Amino acid sequence: MIAGIDFGAPSHEVARCLIGTFVLVDGVGGRIVETEAYDRTDPASHSFSGPTERNGAMFGAPGHAYVYLSHGIHWCLNFVCREEGHGAGVLIRALEPLAGLDLMRQRRGLDAMRGLCSGPGKLCQALAVTRAHNGASLAAAPFTLAAADGEHAVVAGPRIGISKAVEVPWRFGLAGSPFLSRPFR
DNA sequence: CTTAGGATCGCCT
DNA sequence: GGCGATCCTAAGC
């Protein structure tokens with residue numbers, strides 16, 4: 001258990017529980033408002049075709065980070081879950097920025113006006129998450145996780161930006177949050 | 001407000 | 001050699 005989250009649970013349960021949880025990287029971060037679940041049996045998942053050098057962290061211990069580069073430009077942060085070797089994870093898609101706002105704006109540059117952490121790539125840029133964090137434990141520096149303060153209304157819907165298993169409703173968000181990457185229907 | 005297209009690099013076939 | 005769990009810009013309603 002880290003910050004009240006059981007990372008040994010199936011990815012869609014972890015994804016739902018993570019909404020409202022606080023995450024910081026070197027003191028910069030905020031509240032998680034949007035996640036997506038991926039599983040070994042899921043054609044849209046990086047782990048679907050088995051372990052490789054790239055996705056190795058996904059098959060490591062739960063409660064660790066899996067970071068990968070998307071389209072040669074954007075880093076994306078995932079939390080590994082389920083049991084060791086299973087290859088399941090949760091993509092962190094958006095945060096409500098709370099700590100280190102100046103640093104976030106600095107890292108995001110002029111584009112900060114369009115949202116500091118409203119997307120997987122933006123969030124990693126704002127928190128300075130890169131390949132260097134791949135495989136790192138979420139229970140130790142530079143990561144800090146803290147339990148959600150109270151109950152949160154969670155909404156679910158189809159995942160974004162994938163071409164397979166498009167209709168699987170494994171995207172979760174904090175209901176009514178203005179910090180989502182895109183609204184839920 | 002919505003949509004279409006380009007950027008750009010590491011991984012897999 | 002092709003493609004992607006994305007983001008930004010510009011153009012058209």
Side-chain angles (χ1 to χ4, degrees), chain A residues 7 10-19 21 23 25 30 32-60 62 64-82 86-97 104-136 138 154-174 177-185:
Chain A
F7 283 97
S11 54
H12 60 277
E13 290 182 17
V14 175
R16 177 179 286 272
C17 291
L18 277 173
I19 301 298
T21 301
V23 57
V25 179
I32 298 174
V33 298
E34 187 179 342
T35 60
E36 278 179 4
Y38 290 88
D39 191 83
R40 176 70 196 270
T41 59
D42 174 5
S45 173
H46 287 175
S47 62
F48 182 66
S49 299
T52 63
E53 187 171 350
R54 177 207 199 188
N55 66 18
M58 262 187 114
F59 290 88
H64 286 239
Y66 163 48
V67 182
Y68 72 93
L69 184 62
S70 177
H71 291 73
I73 304 174
H74 306 284
W75 294 103
C76 293
L77 172 64
N78 299 251
F79 290 172
V80 177
C81 55
R82 211 102 189 294
H86 185 86
V90 175
L91 172 68
I92 310 303
R93 285 193 55 89
L95 297 182
E96 173 185 348
M104 288 188 192
R105 275 189 278 267
Q106 194 176 316
R107 289 164 175 164
R108 296 268 301 119
L110 298 176
D111 298 333
M113 297 299 291
R114 310 205 178 213
L116 243 31
C117 298
S118 58
K122 298 177 181 178
L123 176 161
C124 284
Q125 187 180 14
L127 303 204
V129 171
T130 67
R131 185 101 199 171
H133 298 86
N134 191 39
L138 301 176
V154 177
V155 289
R159 294 172 293 181
I160 294 175
I162 56 175
S163 54
K164 299 164 188 169
V166 175
E167 292 305 317
V168 179
W170 275 5
R171 173 180 179 235
F172 301 95
L174 180 59
S177 172
F179 301 99
L180 299 172
S181 64
R182 299 180 56 173
F184 282 78
R185 280 280 143 128

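Nothing here was measured: the structure is a model prediction, and the numbers come from that model. Below, all heavy atoms of this structure are taken into account, side chains as well, without hydrogens, waters or symmetry copies. Just so it is clear: chains get the letters A, B, ... in the order the sequence lines come, proteins before strands, and each one is counted from 1.
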At a cut-off of 3.5 Å, list every protein nitrogen or oxygen paired with a nitrogen or oxygen from nucleotides 5-8 of chain B, distance to 0.1 Å.
residue : atom : partner  : partner atom : Å
dT8(B)  : O2   : His71(A) : O            : 2.7

Could you check how far [atom1] of [X] sits from [atom2] of [N], rounded to whole Å?
{"X": "Glu34(A)", "N": "dA5(C)", "atom1": "CD", "atom2": "P", "answer": "16 Å"}
{"X": "Leu123(A)", "N": "dC7(C)", "atom1": "CG", "atom2": "C1'", "answer": "14 Å"}
{"X": "Leu77(A)", "N": "dA5(C)", "atom1": "CG", "atom2": "P", "answer": "16 Å"}
{"X": "Arg182(A)", "N": "dC8(C)", "atom1": "CZ", "atom2": "P", "answer": "14 Å"}
{"X": "Ile92(A)", "N": "dT6(C)", "atom1": "CD1", "atom2": "C1'", "answer": "16 Å"}
{"X": "Leu91(A)", "N": "dG4(C)", "atom1": "CG", "atom2": "P", "answer": "16 Å"}
{"X": "Arg93(A)", "N": "dA5(C)", "atom1": "CZ", "atom2": "P", "answer": "11 Å"}

[X] side chain near [Y] side chain, heavy-atom distance below 4.5 Å:
{"X": "Cys117(A)", "Y": "Lys122(A)", "result": "no"}
{"X": "Phe179(A)", "Y": "Glu34(A)", "result": "no"}
{"X": "His133(A)", "Y": "Trp75(A)", "result": "no"}
{"X": "Met58(A)", "Y": "Ser45(A)", "result": "yes"}

- Dot-bracket summary - DNA chain B, pairs being Watson-Crick or G-U whose distances fall under 3.5 Å, with | when paired to another strand: |||||||.||||.

- Query: Only one of Arg108(A), Arg107(A), His74(A) forms a side chain to side chain donor-acceptor pair (under 3.5 Å) with Gln125(A), so which one is it?
  - Reply: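 Single pass found, and it is Arg108(A).
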
How many angstroms lie between [atom1] in [X] and [atom2] in [Y], if you round to the nearest 0.5 Å?
{"X": "Ser49(A)", "Y": "Arg40(A)", "atom1": "OG", "atom2": "CZ", "value": "8.0 Å"}
{"X": "Ser181(A)", "Y": "Arg171(A)", "atom1": "OG", "atom2": "CZ", "value": "5.0 Å"}
{"X": "Thr130(A)", "Y": "Tyr68(A)", "atom1": "OG1", "atom2": "OH", "value": "14.5 Å"}
{"X": "Ser177(A)", "Y": "Ile32(A)", "atom1": "OG", "atom2": "CD1", "value": "12.0 Å"}

- Does Tyr38(A) lie flat on the base of dA5(C), that is, centres under 5.5 Å apart and planes under 30° off?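 The ring of Tyr38(A) is stacked on dA5(C).
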
- Message: I need the single residue from Asp39(A), Leu91(A), Thr35(A), Asn78(A) that forms a side-chain contact (heavy atoms from CB on, under 4.5 Å) with Ser11(A). Which is it?
- Response: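 Running side-chain contact (heavy atoms from CB on, under 4.5 Å) over Asp39(A), Leu91(A), Thr35(A), Asn78(A) with Ser11(A) returns exactly one hit, Asp39(A).
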
- Query: Testing Ile162(A), Val168(A), Val90(A) for side-chain contact (heavy atoms from CB on, under 4.5 Å) with Tyr38(A), which one passes?
  - Reply: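 The passing option is Ile162(A).
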
- Which nucleotide sits closest to the side chain of Ile160(A): dC9(B), dA5(C), dT6(C)?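 Among dC9(B), dA5(C), dT6(C), the one nearest the side chain of Ile160(A) is dT6(C).
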
- Check every atom of dT6(C), dA5(C), dC8(C) against the side chain of Lys122(A) and return the nucleotide holding the closest atom.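 The closest nucleotide is dC8(C).
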
Kindly give the atom pairs (protein nitrogen or oxygen, nucleotide nitrogen or oxygen) under 3.5 Å for nucleotides 11-13 of chain B.
residue : atom : partner  : partner atom : Å
dC12(B) : OP1  : Thr52(A) : OG1          : 2.1

- Message: If the cut-off is 4.0 Å, is Lys164(A) near the phosphate of dG4(C), judged by side-chain N/O to OP1 or OP2?
- Response: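 For dG4(C), OP1/OP2 do not have a side-chain N/O of Lys164(A) under 4.0 Å.
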
- Task: Kindly assign one of parallel, tilted or perpendicular to the pair Phe7(A) and Phe79(A), based on the angle between their ring planes and the thresholds 30° and 60°.
- Result: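 It falls in the perpendicular class, over 60°.
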
- Mind checking Ile162(A) for me? I need base, sugar-phosphate or nothing, with any heavy atom below 4.0 Å counting as a touch.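 Result for Ile162(A) = sugar-phosphate.
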
